[in-house]
Structures are given as C-alpha cells and as structure tokens.
There are 2 protein chains.
Amino acid sequence: MTPPDTTPPDRTRRNRADEPPSQPAFVEHDHHACSGRALEHAERMVREAGLRLTPVRRRTLEILLEEHRALGAYDVLARLAEDGFGNQPPVAYRALDYLVEKGLAHRIRRLNAFAACMAPGHEGAPVFLICGECGCVAELPAEDIAGRLAAAAGGVGFSVERLSIEAKGTCPSCRDNAGGRTCP
Amino acid sequence: MTPPDTTPPDRTRRNRADEPPSQPAFVEHDHHACSGRALEHAERMVREAGLRLTPVRRRTLEILLEEHRALGAYDVLARLAEDGFGNQPPVAYRALDYLVEKGLAHRIRRLNAFAACMAPGHEGAPVFLICGECGCVAELPAEDIAGRLAAAAGGVGFSVERLSIEAKGTCPSCRDNAGGRTCP
DNA sequence: ATCCGTAATATGATATTATTACATATTCGA
DNA sequence: TCGAATATGTAATAATATCATATTACGGAT
C-alpha cells in the first residue's frame, strides 16, 4: 500500500534567511529546511515543555517528516522494525499517539493514517488538504474556522473538545499535469 | 416491509449496538416524525432522481434511522443478517456506500461508523457533533463554513471535492446531568 | 416474449487497522 | 537506592474494510 519508496527529491535550496512560515505540501519548497523546522520545534519542546522524545518517538517523527504524506501505522511500524525497534502494532501506535497528543503529528481519519505536524506552534485544529491523486497532505491553519464552528456548536448547547476538518480534492500540481506523472 | 425470515448463521456478534439506548440528538423531538421525514425524502428521490432503493438499501437506511447514533458497518450487517439478508461484510458496505453516495447517509470517520442523514435537502458538507458521553451524533448545516474552507483551499490552489468536519465534545444533555448516567 | 448487457447481490477469502493484556525494562523523584 | 511511574516488547485478537468470483435480477432492444 505504500507508494514507491523513493525518497522525495531534494528541491532547490532557496534563500534561507526569509524562513517562510510553512508551505503547503504541494508548493515547491526546501523540504529539508521544512522538516528541520518541525524537528527543531520538537527539540524546543523537549527543553521547554518536558517532552520526552525517546528513540522510538524521535524516529517515528523523523519517518513522518520524510514526506508530505500520511503514513499508515503499519507502514511506520515496518520502518521502525527495520531500525531495530519492536515490530508489534502497539510500538507504532504508542509512539504515534504520543506525538499526536503533543501536537507533533496529526491523525488523518479519512486515510486512517498519520502525518507530521507541519505548522508547529499553531494550536487549534488545522484543515487538512488531501490530494486524491498523489496522496500528499497539506496543513492549513484554520483558527478562525474552528472558532466559528465552536460558536455554531455552542449555539445548540454542544461544547467542542476535538475537531477534525479534512478535505479531499486535487492539489495544484496534480491538476496542472493532469494525467501526467504524479507530484513529487 | 420486512424481508424473508431465514435465520442466517450469525458469525458476527459485535458490541456497539447494544450499549446506550436510543435517544434523540440532544433536543427532545418526535423521532418518529423525524425519521419519517428522512424516509420520505428518500422516497421522493426514488421518484424524482431515479434512486434505486432496493430492499437491502432501504432496510439499511431504516436501521440507521432508528437512532441518532452512528452504527458500525458490522452492527448494520448483523441487523441485516437478522432480517435475512446476507451476512458478509460487503453486503453492509455496499448498501452503506450507496446511501452515502446519494447523500442519504453519512460516514463518520472519527467513529468508523455511519449515520443516516438528518438534514436531507441540505447539500454540502454538514458538521457532525459527536457526543463522547452518550454517542449521539447531531448534524449541523454548515454551508457557510464549507464555502469559507473551499475558498481558503482555493487560495493555495487546492480544489476541494469532499469535505468532512467532525467535532467531538459533550452534548447539552450529558453536560447537564454530568456524572450521572448517560443521556436518557 | 426473449435475448442481452448492466447493475446488484451473495459468498468466501483476505487485507488492513486497532486494541487488550501482560511481562520486562527504564527513568524520575523522594 | 528504593519505589512509582513511565516506556517498551511481545503475543494474541478484535474491529474495520476490500478483493475476487459467481450468480441473479432488471431494463431496454430486437
């Protein structure tokens, strides 16, 4: 089920002084910098928020960060096993759940899969844009929409605790070269 | 309108259908009228939109309509089997998928479950409010939010095809008699 | 009416995702 | 350093979902 195992092409470096906050998966970007930023954020949490980034968890995060794509728990598990970690489902689920709980990863329910958080720092539920063609997943901050929703729910007496907003569709790369090859 | 009465081998006994009793989605209402309305809408679609509401599909819809809760595919399957329909997973999945495709039911991804559509006529993605206590599911029209989202996605070149918005939280009934037993 | 193509169904098998239970090891703090 | 809490490993199993194939029902054209 895992797509071909090519590591994503390392796109052209670009001016690193201007640190774009975070690019959607489908716009060309320096992914190395992009995943590095996420990792840095995790490190910072280790120092400042008592996060316990154990080896399995760290490796799990790294695996998720390799691509802008959601990985199934069993895909992650296989990768972990390759690296010498346990190869029973709870190994992956525990690490993934921990990362999700700490906001370092997200669970994409529509895909029964997990993706690294690409907008660290943004609290609140993001919107996930899932491309049906290439499978890439982008994360869009959506504080305003979440707020609106909570308000609408409150209007009928419902109090929201967790929110998930997932859109399936077509990413610009796939729309442009329709029929052609898939995205990076 | 109950189909044949053969008693099929019941190899699927699961436990989701047999917990909290049925109850309206937080506001008290005449559920008979409420589900009747949904059924009427389906009938209208049969006449006007060439919907093919075969016995399995119809029965599936009726089962979903019994409560304001989401049922797992296997719960539905067990009920169908009781009524003499096949008891293999595809039987339930096919019927459910069809209903979802036609907008008569929804798939609640957070719960891996299905619920009847309670706002027939409202096209576009609703918001689902899922009570973590009693398991009831309410449907809130959200055309505006969906529009906003599509716009935001369009801003980064992504075109939305399907959208799911699900909120987990606490419904008013459960909040009020907090600690007490679950919704009536 | 009868034939034909399509859609729908039944069924058995299989694949994928997720949890429970329990034993062992590691880390943290008093 | 001990004990408690937290992490990890492993086995077994549950719950969810799809595949592959054969058969049957249905509608339209001859």
Side-chain angles (χ1 to χ4, degrees), chain A residues 1-3 46 49-61 64 70-102 104-115 135, chain B residues 3-4 6-19 46 49-61 70-102 104-115 135:
Chain A
M1 192 103 294
T2 334
V46 168
L51 188 74
R52 298 180 65 173
L53 201 60
T54 62
V56 222
R57 290 169 182 170
R58 190 193 170 90
R59 186 74 195 108
T60 301
L61 182 54
L64 291 183
L71 292 180
Y74 281 74
D75 295 324
V76 171
L77 179 57
R79 300 284 309 274
L80 289 173
E82 279 174 17
D83 293 342
F85 295 100
N87 72 342
Q88 297 297 320
V91 171
Y93 279 102
R94 273 194 297 244
L96 289 166
D97 288 347
Y98 183 86
L99 294 175
V100 168
E101 184 190 319
K102 301 302 181 185
L104 296 174
H106 301 288
R107 185 169 198 158
I108 315 289
R109 310 214 77 121
R110 182 176 281 271
L111 300 176
N112 289 324
F114 300 80
Chain B
T6 43
T7 324
D10 192 352
R11 85 151 167 70
T12 36
R13 266 281 97 158
R14 299 293 191 273
N15 48 2
R16 188 206 295 265
D18 47 339
E19 25 179 359
V46 169
L51 187 76
R52 298 180 65 173
L53 201 58
T54 62
V56 221
R57 292 170 181 168
R58 189 195 170 89
R59 186 73 194 110
T60 301
L61 181 55
L71 292 180
Y74 281 74
D75 295 324
V76 171
L77 179 57
R79 298 287 308 275
L80 288 173
E82 280 173 17
D83 292 343
F85 295 102
N87 70 342
Q88 298 297 321
V91 171
Y93 280 103
R94 265 194 309 257
L96 289 166
D97 288 346
Y98 183 86
L99 294 176
V100 168
E101 184 191 319
K102 300 302 182 185
L104 295 174
H106 301 287
R107 184 168 199 158
I108 314 289
R109 311 218 72 124
R110 181 176 283 271
L111 300 177
N112 289 324
F114 299 80

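Computed over heavy atoms, backbone and side chain alike; hydrogens, waters and symmetry mates excluded. The sequence lines fix the lettering, A, B, ..., with proteins before strands; numbering per chain opens at 1.
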Query - Nucleotide nearest P90(B) (side chain, heavy atoms from C-beta), chosen from dA21(C), dT18(D), dC28(C) - result: dT18(D)

Query - Student check: side-chain heavy atoms of R59(B) and F85(B) closer than 4.5 Å - result: yes

Requested in this report: Considering just the side-chain nitrogens and oxygens of R107(A), establish if one lies under 4.0 Å of OP1 or OP2 belonging to dT17(C).
Outcome: no

Query raised in the report: Under 4.0 Å between a side-chain N/O of T54(A) and OP1 or OP2 of dT8(D), yes or no?
Result: yes

Requested in this report: Whole angstrom is fine here: how far is it from CZ in R52(A) over to C1' in dA25(C)?
Outcome: 13 Å

Report summary line: From CG of L80(A) across to C1' of dT10(D) the rounded distance in Å is 15 Å

**Report entry** For V76(B) against A92(B), the heavy-atom pair lying closest together
**Finding:** CG1-CB, 4.5 Å

Query raised in the report: With a non-hydrogen cut-off below 4.0 angstrom, is R109(B) in contact with a base, only sugar-phosphate, or nothing?
Result: nothing

Report summary line: The answer to which of Y98(A) and G86(A) contacts DNA chain D further toward the 5' end, by nearest nucleotide, is Y98(A)

Requested in this report: Could you tell me the separation between the OH atom of Y93(B) and the P atom of dA15(C), rounded to a whole number of Å?
Outcome: 17 Å

Query raised in the report: Should Q88(A) be listed as having a side-chain N or O under 4.0 Å from OP1 or OP2 of dG9(D)?
Result: no

**Report entry** Residue whose closest nucleotide on DNA chain C lies nearer the 5' end, V56(B) versus F114(A)
**Finding:** V56(B)

Requested in this report: Ignoring backbone atoms, test whether N112(B) places a side-chain nitrogen or oxygen under 4.0 Å from the OP1 or OP2 oxygen of dA17(D).
Outcome: yes

Query raised in the report: Can any side-chain N or O of Y98(B) pair as donor or acceptor with the backbone N or O of R52(B) at less than 3.5 Å?
Result: yes

Query raised in the report: When you measure from the side chain of P89(B), which nucleotide among dT9(C), dT18(D), dT17(C) comes out closest?
Result: dT18(D)

Query raised in the report: Is the distance from OP1 or OP2 of dA10(C) to the nearest side-chain N or O of N87(B) less than 4.0 Å?
Result: no

Query raised in the report: With distance as the sole test, does D83(B) use its side chain to make a donor-acceptor pair with the main-chain N or O of L80(B) at under 3.5 Å?
Result: no

Query raised in the report: Just wondering, do Y74(B) and dT16(D) stack (centres under 5.5 Å, planes under 30°)?
Result: yes

Requested in this report: Go through N112(A) and R107(A) one step at a time and tell me if the side-chain contact (heavy atoms from CB on, under 4.5 Å) criterion holds.
Outcome: CA-CA 7 Å; N112(A) 289 324; R107(A) 185 169 198 158; 6.0 Å; no

Query - Nucleotide dT17(C), atom C1' - distance to CZ of R110(B) in whole Å - result: 17 Å

Report task. Find the distance F85(B):CZ to dT9(C):P and express it as a whole number of Å. Result -> 9 Å

Query raised in the report: Tell me: CZ of R59(B) to C1' of dT9(C), nearest whole Å?
Result: 18 Å

Report summary line: Heavy-atom nearest nucleotide on DNA chain D taken for V91(A) and for R94(B); more 5' hit belongs to V91(A)

Query - Distance in angstrom units between L96(A) CG and dT19(C) P, rounded - result: 11 Å

Query raised in the report: What integer distance in Å separates L77(B):CG from dT9(C):P?
Result: 14 Å

**Report entry** Validation row: R94(A), R57(A) side chains within 4.5 angstrom (heavy atoms)
**Finding:** no

Report summary line: Of dT6(D), dA18(C), dT9(C), the nucleotide closest to the side chain of R57(B) is dT9(C)

